[in-house]
Engineer: 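Below you'll find the structure I mean.
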Amino acid sequence: MTKPRILLVATGGTIASAEDGNGLTPQLTGEQLAGYVPQAAELADIDIVQPMNIDSTNMRPADWQAIGDAILAQYEDYDGFVVLHGTDTMAYTAAALSYLIQDSPRPIVLTGSQQPMGSPFTDARINLYQSVLYATDPDSHDVAVVFGGKVVAGTRARKQRTMSFNAFTSVNYPELALIRNDRIIRTAPAGSGDARAASEPRVYHDLDERVFVLKLTPEVNPSVFELLRRDYDAIILETFGVGGIPDTLHDAIFGWVDSGRTLVVTTQVPEEGLDLGVYEVGRAYAEHPGILKGADMTCEALVAKTMWVLGQTREPERLRELFYRPVNCDRLPEA
């Protein structure tokens, strides 16, 4: 029986790091990392590419595009893809790949580790093995994070813990699967639902990097909106609670939107999402056509989706249509 073909895309991160006297830095190559887990080669024929070898703190939108390009360049040659990535910004990259390569019938799995591959107590080996296992399963598709025995949709992942091996959680959406030893226990539909029937993914290449996240704190000065105009096309505004915005920001917010820039409103509360219509302090913003509502999306997904949407269009109606279109489980369809 022919084994599936998997492309391992190594990008650096803790999984590839070693101590050089100045702290952990990525040093191991993809080939070296794969050599630590020979059991993965029993599951699949594995080839390796290495578009970069960096700490994920330094991962930028241009690097997301480079990872996507590395996958797309050989998309037809492989049954699945495993991206080795640092944990700190993995959720952003997983979300970005979800928008750049939509409805992928072939799985694109991101993983990494909390301890370097060479550590005697590392989680790297099991995460790499289980990621290959998931990528070779015929029911897997679209972009997902496999970490600590959990499978999370690429737009719903968040790093919740800085040191524990169960570092990632699925925000406001069920985990797609659990992995126990060599068994995948599926708990939710994997991906958007369209990918399994598709023969080819929908591919995009353009992102607008000029997106800023502004977290409200008591007594934020409205002048911050004016200061951000030079460098940013969109603000993702993390409000209080279910959507509370101080009255002092009213004019600044509408000035930003009326200038043709984009405003996405979300909540800084980790779970259960946004509803601008509940309180008077949010209702004034609920129906303005230039204000986009983040619903129960993660901030990481909102950053990537806003960059993707603005990379495709500036036409208001088209922008809203793309933003509210569910992609890889990122939000529930509008009621």
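When a residue number appears, it is its place in the shown sequence, counting from 1.
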Engineer: For a quick check under 3.5 Å, do E219 and T217 share a side-chain donor-acceptor pair by atom type?
Structural biologist: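 Result is no, nothing qualifies.
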Engineer: Do the non-hydrogen side-chain atoms of Q115 and F121 ever get within less than 4.5 Å of each other?
Structural biologist: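 A side-chain contact under 4.5 Å is absent here.
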Engineer: With clusters defined by side-chain heavy atoms of hydrophobic residues (ILVMFWY) lying less than 4.5 Å apart, directly or transitively, does V264 cluster with V171?
Structural biologist: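 In one cluster: no.
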Engineer: Just wondering, do F81 and I6 contact through their side chains at under 4.5 Å, heavy atoms?
Structural biologist: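 I6 vs F81: side chains apart.
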Engineer: To the nearest 0.5 Å, what is the distance between OG1 on T93 and CD1 on I67?
Structural biologist: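 Rounded to the nearest 0.5 Å, the OG1-CD1 separation comes out at 5.0 Å.
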Engineer: Contact between L263 and L292 at the side-chain level, heavy atoms closer than 4.5 Å - yes or no?
Structural biologist: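 L263 does not reach L292 side chain to side chain.
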Engineer: Go through the structure and list residues passing salt bridge (Lys or Arg N to Asp or Glu O under 4.0 Å) with E31, not counting sequence neighbours.
Structural biologist: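 E31 satisfies salt bridge (Lys or Arg N to Asp or Glu O under 4.0 Å) with no other residue.
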Engineer: Parallel, tilted or perpendicular: which fits the ring planes of F225 and W256, with parallel below 30° and perpendicular above 60°?
Structural biologist: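 Ring orientation of F225 relative to W256: perpendicular.
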Engineer: Kindly indicate, with the supporting measurements, whether the criterion side-chain contact (heavy atoms from CB on, under 4.5 Å) is fulfilled by Q160 and S170.
Structural biologist: CA-CA 9 Å; Q160 189 78 5; S170 184; over 6 Å; no
Engineer: Rounded at 0.5 Å granularity, tell me how far CG in D206 sits from OG1 in T313.
Structural biologist: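 Spacing of CG (D206) from OG1 (T313) equals 11.5 Å.
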Engineer: Locate the shortest heavy-atom distance separating S140 from P107; write the atom from each residue and the value.
Structural biologist: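 In terms of heavy atoms, the two residues are closest at O-CD, 3.5 Å.
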Engineer: At their closest point, which heavy atom of Y129 faces which heavy atom of A40, and how far apart are they?
Structural biologist: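 Scanning both residues completely, I find the closest heavy atoms to be CD1-N, 3.9 Å.
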Engineer: Of all heavy-atom pairs between S113 and N127, which one has the smallest distance, and what is that distance?
Structural biologist: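 What the structure gives for the nearest pair is CA-ND2, 4.1 Å.
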Engineer: Search all heavy atoms of Y285 against all heavy atoms of P246 and return the closest pair with its distance.
Structural biologist: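 So the two residues come closest at OH-O, 4.3 Å.
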Engineer: Do the side chains of D231 and R210 get close enough for a salt bridge, i.e. N-O under 4.0 angstrom?
Structural biologist: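 Result for this pair is no, no salt bridge flagged.
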Engineer: Is the cationic atom of R125 (NZ for Lys, CZ for Arg) positioned less than 6.0 Å from the six-membered ring centroid of Y36 and within 45 degrees of its normal?
Structural biologist: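 No.
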Engineer: For T87 and I15: C-alpha separation, side-chain torsions, deciding distance, then whether side-chain contact (heavy atoms from CB on, under 4.5 Å) applies.
Structural biologist: CA-CA 9 Å; T87 59; I15 193 169; over 6 Å; no
Engineer: I'd like to check V303 versus V213 (side-chain heavy atoms, cut-off strictly below 4.5 Å). Are they in contact?
Structural biologist: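 Side-chain contact under 4.5 Å: yes.
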Engineer: Taking atom CG of N181 as the centre, report whether more than 12 heavy atoms of other residues, nucleotides or ligands fall under 6.0 Å from it.
Structural biologist: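 No.
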Engineer: Examine I126 and F147 and state if one hydrophobic cluster contains both, with Ile, Leu, Val, Met, Phe, Trp and Tyr joined whenever side-chain heavy atoms are less than 4.5 Å apart.
Structural biologist: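 Different clusters: I126 never reaches F147 through Ile, Leu, Val, Met, Phe, Trp or Tyr contacts under 4.5 Å.
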Engineer: Can you confirm whether L216 sits close enough to L249 that some side-chain heavy atom of one is under 4.5 Å from a side-chain heavy atom of the other?
Structural biologist: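 L216 reaches L249 side chain to side chain.
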Engineer: Taking A144's backbone N and O only, do any of them form a donor-acceptor pair with Y134's side chain (distance below 3.5 Å, no angle check)?
Structural biologist: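 No; judged by distance alone, with no hydrogens or angles, the pair does not exist.
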Engineer: Could D103 and R202 be called an ion pair, given the rule that one side-chain N must be under 4.0 Å from one carboxylate O?
Structural biologist: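 Salt bridge: yes.
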Engineer: Nearest 0.5 Å, what's the OG1-NZ distance between T298 and K305?
Structural biologist: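 Atom-to-atom, T298:OG1 and K305:NZ are 10.5 Å apart.
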Engineer: Go through the structure and list residues passing salt bridge (Lys or Arg N to Asp or Glu O under 4.0 Å) with E209, not counting sequence neighbours.
Structural biologist: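 Checked E209 against salt bridge (Lys or Arg N to Asp or Glu O under 4.0 Å); matches are R60.
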Engineer: What pairs meet the salt bridge (charged side-chain N to carboxylate O under 4.0 Å, His left out) rule with one or both residues in residues 77-99, with sequence neighbours excluded?
Structural biologist: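 Found D88-K159.
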Engineer: One thing to verify: whether D330 and R156 come together as a salt bridge, which I'm taking to mean a side-chain N less than 4.0 angstrom from a carboxylate O.
Structural biologist: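 Between D330 and R156 there is no salt bridge, as every charged N stays at least 4.0 Å from the carboxylate O atoms.
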Engineer: How far does SG of C329 sit from CE of M297, to the nearest 0.5 angstrom?
Structural biologist: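 Between C329 SG and M297 CE, I get 11.5 Å after rounding to 0.5 Å.
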Engineer: Output, in order, the C-alpha distance, side-chain angles, deciding distance and verdict of side chain to side chain donor-acceptor pair (under 3.5 Å) for Q27 and T25.
Structural biologist: CA-CA 6 Å; Q27 297 182 36; T25 58; 3.3 Å; yes
Engineer: Let me check something: do Y324 and M307 share a hydrophobic cluster, defined by ILVMFWY side-chain heavy atoms less than 4.5 Å apart, either directly or through other members?
Structural biologist: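 Result: yes, single cluster for both.
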Engineer: Among residues two or more places apart or on two chains, list those pairs meeting salt bridge (charged side-chain N to carboxylate O under 4.0 Å, His left out) that have a residue in residues 316-325.
Structural biologist: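 Listed by first then second residue: R318-E321, E321-R325.
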Engineer: Does T239 use its side chain to pair, donor to acceptor, with the backbone of T266 at less than 3.5 Å?
Structural biologist: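 Yes; at least one donor-acceptor contact below 3.5 Å.
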Engineer: List for me each residue that meets ring-ring contact (aromatic ring centres under 6.0 Å, His included) alongside Y232, sequence neighbours excluded, and say none if there are none.
Structural biologist: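 By the ring-ring contact (aromatic ring centres under 6.0 Å, His included) rule, Y232 matches F212.
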Engineer: Relative to each other, are the rings of Y204 and W308 parallel, tilted or perpendicular (30° and 60° limits)?
Structural biologist: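 Geometry flag for W308 against Y204: perpendicular rings.
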Engineer: Compare all side-chain heavy atoms of V309 with those of Y99 and state whether any distance is below 4.5 angstrom.
Structural biologist: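 SC-SC contact between V309 and Y99 ruled out.
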Engineer: Indicate yes or no: at least one non-hydrogen side-chain atom of P289 is less than 4.5 angstrom from one of P316.
Structural biologist: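 No; the side chains remain at least 4.5 Å from each other.
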Engineer: Who are the salt bridge (Lys or Arg N to Asp or Glu O under 4.0 Å) partners of D123, not counting sequence neighbours?
Structural biologist: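 Salt bridge (Lys or Arg N to Asp or Glu O under 4.0 Å) check on D123 returns nothing, list empty.
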Engineer: Do V9 and V82 come close enough that some side-chain heavy atom pair is under 4.5 Å?
Structural biologist: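 No. Closest side-chain heavy atoms not under 4.5 Å.
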Engineer: CG/D182 to CD/Q39 distance, rounded to the nearest 0.5 angstrom?
Structural biologist: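 Output value for this atom pair is 10.0 Å.
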Engineer: Does D142 pair with R106 as a salt bridge, N-O distance under 4.0 Å?
Structural biologist: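 Here D142 does not pair with R106 in a salt bridge, since their nearest N and O are not under 4.0 Å apart.
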Engineer: Can L84 be reached from F165 by stepping across I, L, V, M, F, W or Y side chains whose heavy atoms are under 4.5 Å apart?
Structural biologist: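 Unlinked, F165 and L84 end up in two clusters.
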Engineer: Roughly how far, to the nearest 0.5 Å, is OG1 of T111 from CE of M90?
Structural biologist: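 Answer for the CE-OG1 pair, M90 versus T111, is 5.5 Å.
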Engineer: If two hydrophobic side chains count as joined below 4.5 Å and joins carry through other members, does L24 share a cluster with M117?
Structural biologist: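 No, separate clusters.
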Engineer: Would the number of heavy atoms belonging to other residues, nucleotides or ligands and lying under 6.0 Å from NZ of K3 be above 12?
Structural biologist: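 Correct, the count exceeds 12.
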